[in-house]
There are 2 protein chains.
Amino acid sequence: MNKDLYVALKSLNLKATPKRLAILDILVAESVYLAPEEVWRKMRKRFKSIGLPTIYRNLEDLANGGVLIKIIHPDRKLYYYLCANADHHHHFICINCKKVEDLSYCGAEEIEKEVKKNLKGRVISHLMQVFGLCKDCSVSRTIAT
Amino acid sequence: MNKDLYVALKSLNLKATPKRLAILDILVAESVYLAPEEVWRKMRKRFKSIGLPTIYRNLEDLANGGVLIKIIHPDRKLYYYLCANADHHHHFICINCKKVEDLSYCGAEEIEKEVKKNLKGRVISHLMQVFGLCKDCSVSRTIAT
DNA sequence: TCGTAAATAGAATTTATTTCTATTTAGATA
DNA sequence: TATCTAAATAGAAATAAATTCTATTTACGA
């Protein structure tokens, strides 16, 4: 299995259970974001019995540990996808094919500066998600809904 | 009633019903963001019968029309608050007292440039929300949960 | 290999949101 | 001002998403 992932789990005090590893495996294999329920469907092909609570618990634990990123879609549902480097939280998300790409640009410093100076406040976290059509999907104009 | 709001409703082809106006009134009065269910509780003090579906429908319609902004909190729930100028979608949100303040900074141009140039994609919308503690709440260290 | 804390299944529950249908109402038009 | 119609609403019911609970199983350190 992937050495880095194993180390990551260790450092989070999470045991490397077959199901947890399979969840990671699925999310590593897909370069798109998946809803918990979609992860569940894929897991059911590999395990005869697998509960939805297990999916939720693991996704949440892994997201809290920074191994996964929780993507909040505008339509209320939560989606998750694997994040290779936990420091990078800025994404371009294709609303057609669901592919997620990293954005190098991040205005975090400017924001922090403005909040500190103008609002006298303190930044704890920020969320930046850019939705649009990726290269392929903006060529073929048809948009799935 | 507020002239601007009336005009805004007109332009959205939304009728100025007492309940719709009251929802706006509540959200104008509060400078904090509110969950649909919180709006409902306040509305029940004014109307003897008021259904939750009415709250949801109105908040959604008003948000779609740009009169309200839909704030997506990290913990899955949706919150709403009134937006005076519909063009401004960048907020500093205090996780303690729920106050929402505008941020003037916006990296939209840089992002659009990067998506176009590096990813050959097309930006449709973007979301930037900064969570933290406002001036008052960062002074008193106690954080409500 | 053994012991223990962590992880799990499966059922049940909770919470949030939406759908549906009959009734009411805002506001345009006569 | 009275009438009409599409939009808005209540209230009940259904759906969807996420969580809780308890008994059982399992990873993995000693």
Side-chain angles (χ1 to χ4, degrees), chain A residues 1 5-26 33-65 67-68 70-80 145, chain B residues 1 3 5-26 33-41 43-65 67-68 70-80 145:
Chain A
M1 76 164 278
L5 284 181
Y6 196 84
V7 172
L9 290 181
K10 288 286 109 172
S11 71
L12 295 171
N13 288 318
L14 295 177
K15 292 182 178 175
T17 66
K19 284 169 185 175
R20 182 169 286 145
L21 292 173
I23 288 174
L24 283 173
D25 187 44
I26 285 168
Y33 59 89
L34 295 175
E37 197 266 341
E38 292 173 309
V39 174
W40 186 50
R41 284 209 302 271
K42 287 172 188 292
M43 288 290 283
R44 290 213 285 183
K45 291 178 183 164
R46 302 195 190 186
F47 299 90
K48 59 187 177 318
S49 79
I50 171 80
L52 204 33
T54 299
I55 306 294
Y56 275 100
R57 199 176 345 90
N58 276 304
L59 290 173
E60 193 61 23
D61 291 346
L62 293 168
N64 284 338
V67 179
L68 298 183
K70 191 190 268 192
I71 293 184
I72 302 175
H73 214 264
D75 66 0
R76 170 177 71 78
K77 290 180 184 172
L78 293 181
Y79 294 88
Y80 297 82
T145 49
Chain B
M1 75 163 277
K3 188 78 181 302
L5 284 182
Y6 196 84
V7 172
L9 291 180
K10 287 285 107 170
S11 71
L12 295 171
N13 288 318
L14 296 176
K15 291 182 178 175
T17 66
K19 285 169 184 175
R20 181 169 287 146
L21 292 172
I23 289 174
L24 283 173
D25 187 44
I26 285 168
Y33 59 88
L34 294 175
E37 196 265 341
E38 293 173 309
V39 174
W40 185 51
R41 284 208 302 272
M43 288 289 283
R44 290 213 284 185
K45 290 176 184 166
R46 304 195 190 187
F47 299 90
K48 57 187 179 318
S49 79
I50 170 80
L52 250 181
T54 299
I55 306 295
Y56 276 98
R57 200 176 344 90
N58 276 305
L59 290 174
E60 192 62 24
D61 291 346
L62 293 168
N64 285 338
V67 179
L68 298 182
K70 192 189 267 191
I71 293 183
I72 302 176
H73 213 264
D75 67 0
R76 168 176 74 79
K77 290 179 186 174
L78 294 181
Y79 294 88
Y80 298 82
T145 47

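Quick note on labels: first sequence line is chain A, next is B, and so on, each numbered from 1. All values below come from the heavy atoms of this structure, side chains included, with hydrogens, waters and symmetry mates left out.
Summarising the geometry, the separation between CG on Leu21(B) and P on dT25(C) is reported as 15 Å, rounded to the nearest angstrom. Lys19(B) places its NZ atom 14 Å from the C1' atom of dA7(D), with the value rounded to the nearest Å. Nucleotide dG11(D) holds its P atom 11 Å from the CZ atom of Arg44(B), rounded to whole Å.
Closest to the side chain of Pro53(B), out of dT19(C), dA26(C), dA27(D), is dT19(C). Comparing dA5(C), dT17(C), dG27(C) against the side chain of Leu52(B) picks out dT17(C) as the nearest. Among the nucleotides dA5(C), dA10(D), dA26(C), the one closest to any side-chain atom of Ile50(B) is dA10(D). The side chain of Pro36(A) has dA18(D) as its nearest neighbour among dA12(D), dA18(D), dA9(C).
Close to dT8(C), at under 4.0 Å from its OP1 or OP2, lies no side-chain N or O of Thr54(A). Note on Tyr56(B): a side-chain N or O is less than 4.0 Å away from OP1 or OP2 of dT17(C). Taking only side-chain nitrogens and oxygens, Asn58(A) comes nearer than 4.0 Å to OP1 or OP2 of dT8(C).
Within 4.0 Å of Arg57(B), counting heavy atoms only, lies at least one base atom of the nucleic acid. Within the 4.0 angstrom heavy-atom criterion, only backbone atoms of the sugar-phosphate kind lie near Leu14(B); the bases stay farther away. Across all strands shown, Lys10(B) has heavy atoms under 4.0 Å from sugar-phosphate atoms exclusively, and none from any base.
Residues Trp40(B) and Gly51(B) approach most closely at NE1-C, 3.8 Å, considering heavy atoms. When all heavy atoms of Ala22(A) and Phe47(A) are compared, the closest pair comes out as CB-CE1, 3.6 Å.
Look at Glu37(B) and Arg41(B) and you find a salt bridge, because one of the NZ, NE, NH1 or NH2 atoms lies within 4.0 Å of a carboxylate O, short of that distance.
Under the 3.5 Å distance criterion, the side-chain polar atoms of Asn58(B) are matched with a main-chain donor or acceptor of Thr54(B).
Nearest-nucleotide positions on DNA chain D place Lys48(B) closer to the 5' end than the other of Thr17(A) and Lys48(B).
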